Amino acid sequence: QKSGGGAQQFAFVTNGVDPFWTLAEQGAKAAAAREGMDVKVLMPAGGAVEQKSMLEDLLTRGTAGIAVSPIDAANQVGLLNEVAERAILITHDSDAPASNRQVFIGVNNYDAGRMCGQLVKEALPQGGAVMIFIGRLEQDNSRLRRQGVIDELLDRSHDPSRFDPPGGEIKGDRYTILGTLTDNFDRALAKANVEDTLSRFPDVGCLVGLFAYNPPAILEALEQAGKIGKVKVAAFDEAERTLQGIRDGQVQGTVVQNPYMYGFRSVEVLKALAAGDRSVIPADKFINVPARQIRKDTVDEFWKDLKSKLGK
Amino acid sequence: MADNAQPRLVANGICKSFPGVRALHEVNLRVFPGEILALLGENGAGKSTLMKILAGVQKPDAGTIEAEGVVIPVGSVQEALRQGIALIHQELNLATNLTVGANIFLGREPHRYGWIDEKAIAAESRRVLDLVGLEIDPSREVGDLTLGQMQLVEIAKALSVNARVLILDEPTSSLSARETDRLFAVMGDLRERGVSLIYISHRLAEIQRMADRVTVLRDGLNAGELSRTEISHDAMVRLMVGRDVSRVYQRTAGTPGATVLELKEVRTPANPSQSVSLQVRAGEIVGLAGLIGAGRTELLEALFGVTPPLAGEIRVEGKPLQPQHPRDAVRGGLALVPEDRKKQGVVLAESVRRNLSLASLERDRLRGFLLNEAAESEITSRMIRELRIKTPGEEQPVRFLSGGNQQKVVIGKWLAMSPRVFLLDEPTRGIDVGAKQEIYQLMETLAASGAGILFVSSELEEILGLADRVLVMHEGRLTGELSRGELSEERIMTLATGGPAGASRANGSDHQA
Amino acid sequence: MKRIIGIAVLLLVVYLATWIMADAFSGRAVFMSGYNQENLLRRIALYGILGIGVSLVIITGGIDLSLGSVVCLVGVGVPWLAVGQGWPMPVVLLLALVLPLAIGLGHGLLVTRLRLQPFIVTLCGLLIYRGVTRGFTQDQTAGFGNGFKALRWLANGEIPLFSGFGIPVPLLILGVVAALVAVFLNRTIYGRYLLALGNSEEAARFSGIQTDRMVIVAYVICSFLAGLAGLLFVLDVNLAQPVDFGNFYELFAIAAAVLGGCSLRGGTGTVLGVLAGTALIQVLRNMINLVFPAYQNMEYAVIGLVILAGVVADELAKRAVARQKAGS
Amino acid sequence: MKRIIGIAVLLLVVYLATWIMADAFSGRAVFMSGYNQENLLRRIALYGILGIGVSLVIITGGIDLSLGSVVCLVGVGVPWLAVGQGWPMPVVLLLALVLPLAIGLGHGLLVTRLRLQPFIVTLCGLLIYRGVTRGFTQDQTAGFGNGFKALRWLANGEIPLFSGFGIPVPLLILGVVAALVAVFLNRTIYGRYLLALGNSEEAARFSGIQTDRMVIVAYVICSFLAGLAGLLFVLDVNLAQPVDFGNFYELFAIAAAVLGGCSLRGGTGTVLGVLAGTALIQVLRNMINLVFPAYQNMEYAVIGLVILAGVVADELAKRAVARQKAGS
Ligand SMILES: Nc1ncnc2c1ncn2[C@@H]1O[C@H](COP(=O)(O)OP(=O)(O)OP(=O)(O)O)[C@@H](O)[C@H]1O
Ligand SMILES: Nc1ncnc2c1ncn2[C@@H]1O[C@H](COP(=O)(O)OP(=O)(O)OP(=O)(O)O)[C@@H](O)[C@H]1O
Ligand SMILES: [Mg+2]
Ligand SMILES: [Mg+2]
């Protein structure tokens, strides 16, 4: 692959390495192919330190436009502005409102979280005990997503700024959030967390998996425990095992963002901005790629579409 | 030495125990200005431990030390140095990554606010190096020196302290005759200048030559004292061992049989330009004499496949042998009792049992690779019995055996393999008279049982006493061969130092390969 | 043997403590439920295989930091090839068992022939195998979906014993591995050689033992077992991500071995000890999840403290014994 | 000195290769741009401080696996206290410098007084400090937002030299640290003690050197520098995540030290070598990002291979020299 030679370079930078981002990569690549652009997709494995040096080196290479998912918006304003000075900067997936990014492309995680909460309610109309599984709580998006679930289950008002610390139980009048277990992307640990929950709370009503790999881990554990179907599952994202679970009625449903669209739209917008066309930027500087709830009835069609996007 | 004089250093009722061992019990020791006190005792008698305590390296469990009549704090090297007590350890203790000068002044560097004064070090090192007659550049790394040179650096280091009490723990065990003479000259000189010396050695001849007084330890207890006039071989031995041991060992020569070991133009990696040819016959004890660094160890190690020979032909009982690894040599019927007993001879941490069976496990194995514990036990008990190895039990870690008994374990390990040829490198280095005699007898029994024996020794005494035939090495080649009849110290020394020009031609060196 | 008693007692204490706390807190059989015990045993089995492997290398006086990355290579590689690339599973499995052998051989040769330091060789291994895995998978997660149920039985199957409890299959695999290694160490001449050279390579070599070969064997077995563990891990979890699958597992394996009485100076180590060490760490993790889920993010700290406490106690005990002997 | 030449040459080659490839591919000053050189130097400075620290411990024959976690503890702790808890910055900074001293002292005491193995002690450190950090921050990211600009100048400021290029402030800090340590090692008695005991602890002790104290000093300096680096890292990046901040940094630091000629057997090591080793690793990463961004996920593999190549070449060179000597 020859980079440069005059042709403008663009980059799509993620906040880590995850199948979720593989979908976004497909979207970005598809758009790049259609527009005939040179787009590099970079996934930092070493956290904020590596994301910083990646962005620096992209600027060094004279990249014209960068779409980035900040690991921690509040503290990366300086870095993002440095990027904005030297290149077109837009954010995706997780926004940095305080920075000079031109536009944000993504989902409203708090709302998405509330959608997931609704799935739980459908699964447990009578109410019950709920355990939440998630990779990390650092990122705004994961924090908001979890908060959305909790607030929905407790029928609280719409307030993204709320935060319940992860320890300890949260009791509502119908639903009880037993706790939130993190696994820092360690799949074995993610499964162990579920197993231990089943040991500790045999009467847990619904397990909520908020990162792409959590629902599969939940299903694995349930299957081995012979509790598949008995304990309800509310999912997030579109892991194959999750979709299969919905199809087999083991999962109530899942809330899918549209990472493919993050990638696709990001590249489109970058192209437009590079061409000096600012009409693509809405007034609120927020291009919403809404999340959707996928249930048994819609899963097949969604899955087919997904496969075609992944070229499978 | 007038006993009414004020002793320079006095140790009272020193006690020291190690896990499972009582090294010293209520030991007393006095040394006066301007005398050489010889400290005698069998392996494990406690000599080194006592000296380490005097030098502050180890802390006694009980007892006091007085310098010039004043009690000094124990267990501190600095304090000992302040009192002018310097110790040359039994084992080499040098930082091989530092220069000669840096080692000589280690811990006593001349400095200003921690800033080292290299000039002073260079100058002063030169002085002490000259004292011991070592013409090397003080800025050379110690790692590049030979063992003999390292030993001399140790001595120079101790001299640089300008000690009032200088302790030498078996300093000559790795020195050649010439270097030893040099050392004795220095010692005599220091004595003249009123320095007190404590001298430890298992070579009684040296002690007779140098000592003004002898103190003997046995099993960690004072066993007695001899004044200058009372010092005699037999007297010393009686105090050490508690029985008589004949003065010099005299071999009762047997009649050698067929050739068991034959070397033709063997070249070792250490001396690639030289080649060695020799034969050893069954029942024969052949001595290999030479100065330190003559390349004797390298020759044995080459034969044994430790550092495989570069060229040449080796035959054991006529069968050709190409040792690429000790395993080949062992299978070929060779056994090596190495120079460095503690590192190469025994697995210190493991039991007498495991050490004795180590070499024969493979031969006695069951169904391919299973341990044959019956055979192991049989060998262990037999060797302990036949070699009279002194140990509390089969499971005792070899670390806690005395030097002599460790050496017996090494020999026992090979005896179990009943090899055709024994190669022994300094088999009695650092071993006490009693044990020495037993080792000698062992070597004779081995020979009598039809094995061929080739042994390296830097102790002329034992070469003269034990060898049927002596080969002399110099700078990697054989400079001559002496039959029992022709044996004499002078002849050996001339050959060892290069020898008459003719001698070197004799043994096919200088073949340009 | 002595060396094991300490860790065994510690394990027992932690085990009972967890039992009491977990089941008392909830008034039900939580920790002692057949289900939880199965999970616990399965985890012990998977990590135990790693611990036993590395203990052999540690006995030679070496170390293997590449375990975690070998777990990653195999754990990701198998589903990636079998599902992603559609290779026939038998071929893939063969590769999964052979490749680690080659890796171990490489480590062994570099350590013995080139006399490189094990720490460095295997540190490079740690970097290389993970990097390569991330490279050929393009960082994509690999998993079995709902396929290969039969094969996955090896990792998540169980032999029903009585109602509600069965012996996890991996535990049987661990049993076989442990038995073989224990026999190897204590009943074969090669085990003797390994221990001897661990104490003094030179002395062993001077006794005619081919120490280099033995060391190579140790590295080969170690990497092989890492590969086996990696296979079982992915069969159990069903999906693996190149960037973090097996991260830090080498540290837990080494910690378990040391807790179990292996000295990093070489020459000592027992299979039973390693198993006890592994069990201790897994029971601790279980305890945190069952009893103190709120402190789950301090898991590492707790494990670290317990390991430290273990080695300190062990050291103090040894000294007490020594002082006793000296006294007598 | 000899030992450095090899790595220096390797560094030069990689540096030039990157220059040519990067700037040729793009036809512009990419690698050689002032901006990139500044970034490169800043990264070398930050990682270099870690490398120098650990090299002191390695010289004693020990190892410090806890560096990364100390970086995490300080890097997360400072913003968490100063911003999250609103402590006065001077107090926080004092703590940030004192706490690592205490940690190093702890390591040193455990290694010398209790004779525990450095690998284990610092492995426990690795687990404990990260676990504790995650615990007290509840895994929340900590950062300075847009405050403390003046302080952050220490990490991202620069002394303008000529248009478009300035010397990064951290490089000056590294310079001071390197100079101090170099003098300490080569010109003072304490440096000599360190080298001596690293080669033969007994020889040093028998010469009246208080080896335990020197070892403790080494661990204290090492942890202190790790803390300093952690502070600079977070001042540079402006945020730190408890879970992964500083992960694996200890491995890169150790690798740099070994590349730079430190032997893990102790007794050898030079500051210049460590700097060269650090630079090599950072230039490599820079090369991958600039020239082969598509292979960015194989970064680890590349670094691992280069390190391995480095030590192998070094070993073979040594042998060649030895053979020469023997020949003559
Ligand atoms: N560090 C130690 N740990 C345990 N035992 C020891 C230690 N040092 C010495 N011993 C034991 O103490 C006793 C006395 O040892 P020491 O070295 O003083 O004897 P020695 O007279 O010097 O013997 P040699 O003539 O062989 O040098 C021996 O039994 C020895 O095994
Ligand atoms: N382990 C070692 N480390 C460093 N130098 C050594 C070692 N072994 C031998 N040498 C050196 O190699 C050269 C050959 O030594 P070697 O031991 O073969 O001589 P030798 O005639 O056997 O003397 P010795 O009487 O000590 O056995 C000598 O200069 C010796 O000091
Ligand atoms: Mg002694
Ligand atoms: Mg020799």
Side-chain angles (χ1 to χ4, degrees), chain A residues 14 16-22 25 41 43-46 131 135-137 165-169 178-203 212-213 216-217 219-221 223-227 239-241 243-245 248 310 312, chain C residues 22 25-26 28-33 35-40 42-43 46-47 71 75 130 134 138-146 149 152 155-158 168 233-234 236-249 282 285-297 299:
Chain A
T14 72
V17 184
D18 191 275
F20 178 84
W21 289 122
T22 313
E25 183 175 19
V41 178
M43 306 187 186
M131 179 66 93
R136 298 181 178 181
L137 281 178
E169 256 180 31
L178 297 167
T180 306
L181 290 179
T182 61
D183 50 59
N184 314 298
F185 300 143
D186 180 336
R187 306 305 196 264
L189 182 54
K191 177 158 173 282
N193 283 342
V194 181
E195 291 167 348
D196 292 341
T197 302
L198 294 176
S199 298
R200 183 143 178 270
F201 308 103
D203 45 10
Y213 58 85
L219 291 171
E220 283 309 319
E223 197 146 44
Q224 279 173 43
K227 294 189 168 183
E240 291 207 346
R241 186 78 178 78
L243 299 176
Q244 187 61 43
D248 303 349
L310 285 174
K312 282 185 183 170
Chain C
F25 277 27
S26 62
R28 293 175 297 95
V30 170
F31 178 75
M32 254 324 151
S33 65
Y35 175 64
N36 186 59
Q37 291 299 311
E38 281 175 17
N39 292 331
L40 199 49
R42 189 170 349 95
R43 295 170 204 166
L46 296 180
Y47 288 95
V71 166
R130 183 170 300 280
R134 292 185 55 194
Q138 282 303 315
D139 267 333
Q140 297 200 33
T141 302
F144 298 107
N146 325 9
K149 287 263 192 285
R152 298 195 48 213
N156 56 26
E158 61 182 65
F233 268 112
V234 75
D236 176 32
V237 182
N238 197 25
L239 82 168
Q241 191 177 10
V243 74
D244 55 26
F245 197 70
N247 258 349
F248 289 120
Y249 285 12
Q282 292 309 318
R285 299 180 111 174
N286 193 228
M287 172 202 272
I288 294 164
N289 274 350
L290 292 186
V291 187
F292 311 105
Y295 298 94
Q296 193 236 5
N297 51 19
E299 178 179 314

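Order of the sequence lines fixes the chain letters, A, B, ..., with proteins taken first and strands second; residue numbering starts at 1 for each chain. A quick note: this is a predicted structure, and the numbers were derived from the prediction, not measured.
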Heavy-atom donor-acceptor pair, R200(A) side chain to V291(C) backbone, under 3.5 Å: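 Side chain of R200(A) to backbone of V291(C), a donor-acceptor pair under 3.5 Å: no, none is there.
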- prompt: Can you check whether A190(A)'s main-chain N or O pairs, donor with acceptor, with D183(A)'s side chain at less than 3.5 Å?
  reply: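 Checking the backbone N and O of A190(A) against the side chain of D183(A), no donor-acceptor pair under 3.5 Å is found.
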- prompt: Who pairs with F20(A) by ring pair (Phe, Tyr, Trp, His ring centres under 6.0 Å), at least two apart in sequence or on another chain?
  reply: none
message: Counting heavy-atom pairs under 4.5 Å with chain C, which one of A192(A), P166(A), G16(A) comes out on top?
response: A192(A)
message: Under 3.5 Å, is there a donor on one side chain and an acceptor on the other for D248(A) and Q244(A)?
response: yes
message: For a quick check under 3.5 Å, do D196(A) and N39(C) share a side-chain donor-acceptor pair by atom type?
response: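 Looking only at side-chain atoms, N39(C) and D196(A) do not form any donor-acceptor pair under 3.5 Å.
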Region of [X] that comes under 4.5 Å of a non-hydrogen atom in chain C:
{"X": "A212(A)", "answer": "neither"}
{"X": "A225(A)", "answer": "both"}
{"X": "T182(A)", "answer": "both"}

If you count heavy-atom pairs within less than 4.5 Å of chain A, which of [options] leads?
{"options": "F233(C), Y35(C), F248(C)", "value": "Y35(C)"}
{"options": "Q140(C), R43(C), Q138(C)", "value": "R43(C)"}
{"options": "V234(C), L290(C), N297(C), N238(C)", "value": "L290(C)"}
{"options": "L46(C), D236(C), T141(C)", "value": "D236(C)"}

query: In terms of heavy-atom proximity below 4.5 Å to chain A, should R152(C) be classed as side chain, backbone, both, or neither?
result: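 Side chain of R152(C) only, per the 4.5 Å heavy-atom cut-off to chain A.
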task: Check whether D244(C) gets within reach of chain A through its side chain, its backbone, both or neither, counting any heavy atom under 4.5 Å.
output: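 When you check distances to chain A, only side chain atoms of D244(C) fall under 4.5 Å.
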message: Working note: Y213(A) + R241(A), criterion side chain to side chain contact (heavy atoms under 4.5 Å, CB included); need CA distance, chi angles, decisive distance, verdict.
response: CA-CA 9 Å; Y213(A) 58 85; R241(A) 186 78 178 78; over 6 Å; no
task: Classify the angle between the aromatic ring planes of Y249(C) and F245(C) as parallel (below 30°), tilted (30 to 60°) or perpendicular (above 60°).
output: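 It falls in the tilted class, 30° to 60°.
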